[in-house]
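Structure, as structure tokens:
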Amino acid sequence: METPIGKQIAAAFVKAQSQFGKALKTSVNPHFKSKYADLSSCIDAVVGALNANGIGLMQRTYECKDGVMVETMFVHESGEVMECGMLHVPASKHDAMGFGSALTYARRYSLLTASGLSPDDDDGVAASRPAPQIDAGMMADHIAAIDASANKEELQVSYKAAYDACKGDQTWIAKVIKAKADRIAKAKEKA
């Protein structure tokens with residue numbers, strides 16, 4: 001059952017929200033070459049105004065086997081609490097780095113949603129763009145060039161060209177990375 005929002009925290013939150021700053025896009029997503037507001041920027045945009053109006057920011061985490069669950073909460077000095085609902089984000093890898101990345105992502109999006117912030121652009125916008133059309137024949141030539149690389153320098157040049165030609169397409173990127181790994185393994189077998 002959802003906890004009703006108290007009058008004191010509601011009034012204080014409305015005042016605080018009118019004082020929120022902008023979540024500045026200071027970080028760059030290397031996969032999509034786009035700027036986004038990272039977690040620190042999102043917190044900086046709201047915490048001063050929240051605190052000035054007697055509100056503390058909390059983010060609870062909950063146990064989850066396949067990812068993370070985060071809930072953003074605002075706590076008023078009167079003791080009233082505003083719970084903003086849980087957000088589940090699956091971990092891309094089931095290791096410390098995968099769960100840590102999912103936690104940061106979940107905290108950022110939970111805070112953006114709970115506070116009503118909306119940066120102009122972030123890594124989610126870039127990810128939702130339609131995938132560029134990739135010429136399969138051209139990519140086959142790039143992969144063949146990786147395989148034919150005679151030395152480390154040639155491999156680096158052909159890999160970079162192939163990676164750039166992927167235009168962010170994750171399926172082709174995976175194939176290019178595999179081709180490089182296969183070429184390195186073949187070189188080690190000869191050594």
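Nothing fancy with the numbering, it's 1 onward along the sequence. Every value quoted in this text rests on a predicted model; they were computed, and no experiment measured them.
Arg183 pairs by the side chain to side chain donor-acceptor pair (under 3.5 Å) definition with nothing, not counting sequence neighbours. Residues satisfying the side-chain contact (heavy atoms from CB on, under 4.5 Å) test with Ala145, not counting sequence neighbours, are Ser158. Taking the side-chain contact (heavy atoms from CB on, under 4.5 Å) definition, one finds that Thr61 meets it with Val70, Leu103, sequence neighbours left out. Here Ser78 pairs with Gln8, His76, Glu80 under the side-chain contact (heavy atoms from CB on, under 4.5 Å) rule; sequence neighbours left out. Asp147 is linked by a salt bridge (Lys or Arg N to Asp or Glu O under 4.0 Å) to Lys186, counting only residues two or more places apart in sequence or in another chain. For His94, the ring pair (Phe, Tyr, Trp, His ring centres under 6.0 Å) criterion is met by Phe99, not counting sequence neighbours. Remark: Lys160 engages Asp164 in a salt bridge (Lys or Arg N to Asp or Glu O under 4.0 Å) (not counting sequence neighbours). Annotation: salt bridge (Lys or Arg N to Asp or Glu O under 4.0 Å) contacts of Lys15 (sequence neighbours excluded): none. Partners of Lys7 according to the side chain to side chain donor-acceptor pair (under 3.5 Å) rule, which considers only residues two or more places apart in sequence or in another chain, do not exist here. Listed by chain and number, the residues in a side-chain contact (heavy atoms from CB on, under 4.5 Å) with Val75 are Met58, Val81 (sequence neighbours excluded).
The minimum heavy-atom distance linking Ala162 with His142 is given by the pair CB-CB, 3.5 Å. The minimum heavy-atom distance linking Ile143 with Ala179 is given by the pair CG2-CB, 3.8 Å. Here the shortest heavy-atom pairing between Ala114 and Thr72 reads CB-CG2, 3.7 Å. In plain terms, the two heavy atoms of Ile9 and Phe74 that are nearest each other are CD1-O, 3.1 Å. Across Glu154 and Asn151, no two heavy atoms sit closer than the pair N-OD1, 2.8 Å. Minimum interatomic distance between Gly98 and Asp95 (heavy atoms only, all atoms of both residues): N-OD1, 2.7 Å.
Contact annotation: the side chain of Met73 approaches that of Arg60 to within less than 4.5 Å [non-hydrogen atoms, C-beta and beyond].
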Show me, pair by pair, the donor-acceptor contacts under 3.5 angstrom made by side chains of residues 42-55, not counting sequence neighbours?
| from | atom 1 | to | atom 2 | distance (Å) |
| --- | --- | --- | --- | --- |
| Asn51 | ND2 | Ile55 | O | 2.9 |
| Asn53 | ND2 | Gln19 | OE1 | 3.0 |
| Asn53 | ND2 | Ala49 | O | 2.8 |

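Looking only at distances, a side-chain donor or acceptor of Ser115 sits under 3.5 Å from a matching main-chain atom of Leu111.
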Point to revise | Derivation and outcome, side-chain contact (heavy atoms from CB on, under 4.5 Å), residues Thr113 and Cys84 | key: CA-CA 8 Å; Thr113 302; Cys84 300; over 6 Å; no
Exercise for review: Report the C-alpha distance between Glu83 and Ile5 in whole Å, list the side-chain angles of each, state the deciding distance to 0.1 Å, and finish with yes or no for side-chain contact (heavy atoms from CB on, under 4.5 Å).
Suggested key: CA-CA 8 Å; Glu83 299 171 334; Ile5 298 173; over 6 Å; no
Point to revise | Residue pair Tyr159, Ile177: steps toward the side-chain contact (heavy atoms from CB on, under 4.5 Å) verdict | key: CA-CA 8 Å; Tyr159 173 76; Ile177 291 170; 3.6 Å; yes
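No continuous path of hydrophobic side-chain contacts links Val157 to Ile184 [ILVMFWY only; heavy atoms under 4.5 Å].
Rounded to the nearest 0.5 angstrom, Ile173 CD1 and Lys167 NZ are separated by 12.5 Å. Between atom CD1 of residue Ile146 and atom CG of residue Asp182 there is a gap of 10.0 Å, rounded to the nearest 0.5 Å. With rounding to the nearest 0.5 angstrom, the NE2 atom of His88 is 13.5 Å from the OG atom of Ser110.
Side-chain contacts under 4.5 Å among hydrophobic residues (ILVMFWY), followed directly or transitively, place Tyr62 together with Met69, Met86.
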